[in-house]
Amino acid sequence: MPSLLILIVDLHPLSWSLLSIPPSPQPSDPTLSPIIAKSLPSSLTLEEFITQLLVFLNAHLASQWGNRVVVYGVSAGKSRLLFPAPSTTRDDTNTPSGNVYEPFRLLDSGLEQGLRGMMSEEGVREGKGLNEPPALVAAMTKALCCELTLIFPLTSHIPSSISPLEISLINFPSLASSLSLLFHSILTKGGYVGLMNCVFAAQKGKIPIDVLTLPPSYTQTSPPIFLQQAAHLTGGMYWRWNGRGGVLQYLHVSYNLHHNLPSSSSPMHNAACSYLLHHFPPLVSHYISFHRKEEWQTERSESP
Amino acid sequence: MVQPNFSNPRKAQAELSSSSTAALDAFLDTQHQSYYEEIYKSEAACLCILRQLPEICRYIILHFIWSHQPVKSSDLKALLRMDQFSPLSQVANDIQPAIKRKIFQPLELQQGKRGHHTPMNDVFKRGLRNALTGSGTSNSFGLPYPLSPTDEYPSESQLIQFGDRTWESILKYMVSSGLDRGFPVARPETSVLRLLHSSGLMADLSESNGRQQSLDRMTITSQGFQFLLEDRQTQLWQILVFYLTSIESRGISSAPVLSLFFSLGCMQITQSYSLSTFSNPTQLQALDDLQSYGLIYRPATPSGAKADYFFPTHLSTSLCSGNSALSAALNTTEIDTSHGGTGTGVGMGSGEDDKKFLILETNYKIYAYTNNELEIAILNLFMDIKVQYRNLVVGKLDRAHVKAAMEKGISAYQIIAYLQSHAHPQMYSSPPPILHTTIVDQLHLWDKERNRLRTEESEMFEFFSKDLYEDTEAEAKRYDGLLLAVPKDKLLFVNPSVKDAIKDFVKGQQRQLRGM
């Protein structure tokens, strides 16, 4: 059964600047297992993250014919559809290559284009409104609407023997410490109500919301409790990156685990996940050498 | 009596969809490690093989693809949310399809440790990683060929038309050979006929000794009739696998050609591809042959020679697209966000829509909105066509025609699957099942009628004494050779193999009776 993956990526400049600061040496934590302790905490830059994200999205497309991906980006005070681009603004300048599967190439170049657009908007802003929180509620609302438009025309065409597509909505908010305060300010502006409305809509539509929070605990940020709640209510997964590489593996675990396998109670779920992640060696991320890596770097230097 | 399994549309649907690559699966199951090592050099092949595995295997593979250590059974159990003390066979069972494709090796004991592990095939691992990151070098997804303005540039609909027409002309040739009054058809290329012959889909029945087989006098076999009723993708894979076996029978490895098929399956329609990627002579030969099946289109240069680029048609780009009906349904929904970024098999859209033309009523009447000669000929195999208009054929499923089709080797399941896959969208508006239960059951009953009479060779014994008859009946039962007993006429029918024993027994009994 093909599935649709809707992804909301937090691109808030403040959170990424926080993540890309190399962590100060930490005193060794005796509670960690020796395998994990072996890999040191490292910073994560946006381009590193995006390359891993692209590989994960490709794997999602690869795992089944008919799988789809929709990506939204959120930044301070706004949200934007990154992929697929609206047909009017689509310009496919990259030529097909013999070594890249065409749907992967369309995804990669489309997402790249969307990110570029968003980054250039950030450049124009010149730091204005940078203290606003990421417009998560707006993005979630759009994502849920997108899901509705995608699902309903489909089910009317597909013979009744096929059940509706399985939909998932994944969040990757990377809320930094300064933002967690702003997160409270959402509350006063009614953002909490908006978020909860989205969560209930997702719950009713049986759409699991998976959350992967990127800032690891050493950044001294508090976890986004409302998103934990969102994941819990919708039967999704909540994960916090441990800051030691292996983001791709986190993505694989958090998404696939409850989509492809018969669902089970969440405690088991989390037990299985933590077992896997704790026994998994850090990824060979150097293997992922995208040919566009240099371009990402130039792009990042443009962004504030 | 209604048997519930007859009228279970889900089951029939599952049979239908699972079987489209059945021929390929059977072929791959017989191959050795070295064959897989060869095809896994192609990233496209890795991707296609991955997608044909069951969901659980795909998930395991994608999960462990970035790990550089062998996969441990304890990790697998955790991943599949099994108890750590559950038996190993359970895990082994789940990864069995991947073991069959030589992606994993059977689980073995870890040296110096407790627990089992299995390494992932290195060639496959590299291939799939390269496919996901786009960092391969083999151009297995097809090297795009830059067209100059003078080059021929067919549109998507032209390519679909070319593919359909070429493929259907082969099927028409097959159908026509089985009709008393065939319709005019073009003779397919000799290489096609040779393959149809070697695959057993057509045979020259006039020459029974098989030496002087003439390709022009061939008629369709019962296997061929069954082939006609399959859906398009199943037919394609059957033919392609016949093609692979015919290469193997010449003592050449078919692995490069299979990689080529997978590459074609990953290509995009309307894109031109260069021939230079396919350097192997068997691959070039195969590309030549594939044109005569309509899988690729290769324009001719002005000088008359074949161009050194080609266009895949929808037949080849849909080869690996899983359930074609489903991907067609996905494609027909044109929504703003749908375009561009997905893995659906592109290009099945219009062709598949044309295939949904059939309305079957509960009174066995069929309305088929088609003017396609091939479809009408296929319908004619099992239905009584009453009226034929320009775009509509009206007829009835009746016993005589269905039985005639069954005599040709077509089974009730195939007819049902055909009716189901060609059902008009209107048929979906009524509650499922799509085909009415009575019709499905009736087809099965007709099928069963064929097996109502069974002929068996037997020996008959006729008795005058009731005692002797009963004793002999018991004796024959003891030998397990009694076929039929008719107490009224004191007749016994026994298996010829026990004839002598029964005879001796009867003689002995008679002697005893006389002696008394």
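Residue numbering restarts at 1 for every chain, and letters A, B, ... go by the order of the sequence lines. All figures in this text were calculated on a predicted structure; none of them were measured in a lab.
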Hey, mind stepping through E102(A) and M267(B) against side chain to side chain contact (heavy atoms under 4.5 Å, CB included) and telling me if it holds? CA-CA 7 Å; E102(A) 186 66 7; M267(B) 287 178 182; over 6 Å; no

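- Checked against N99(A) for a side chain to side chain contact (heavy atoms under 4.5 Å, CB included), the options L143(B), T133(B), N139(B) give a single hit: N139(B).
- Atom SG of C48(B) and atom OH of Y101(A) lie 7.0 Å apart (nearest 0.5 Å).
- When all heavy atoms of P103(A) and Q268(B) are compared, the pair lying nearest together is CD-NE2, 3.8 Å.
- With respect to L132(B), the side chain to side chain contact (heavy atoms under 4.5 Å, CB included) criterion is satisfied by exactly one of L61(A), L54(A), N58(A), L57(A): N58(A).
- When all heavy atoms of L50(B) and A62(A) are compared, the closest pair comes out as CD2-O, 4.1 Å.
- Few gaps surround CD on Q90(B); more than 12 heavy atoms of other groups in view lie less than 6.0 Å from it.
- Neither the backbone nor the side chain of Q52(B) comes within less than 4.5 Å of any heavy atom of chain A.
- Of all non-hydrogen atoms in G98(A) and P144(B), the two that sit nearest each other are N-CD, 3.8 Å.
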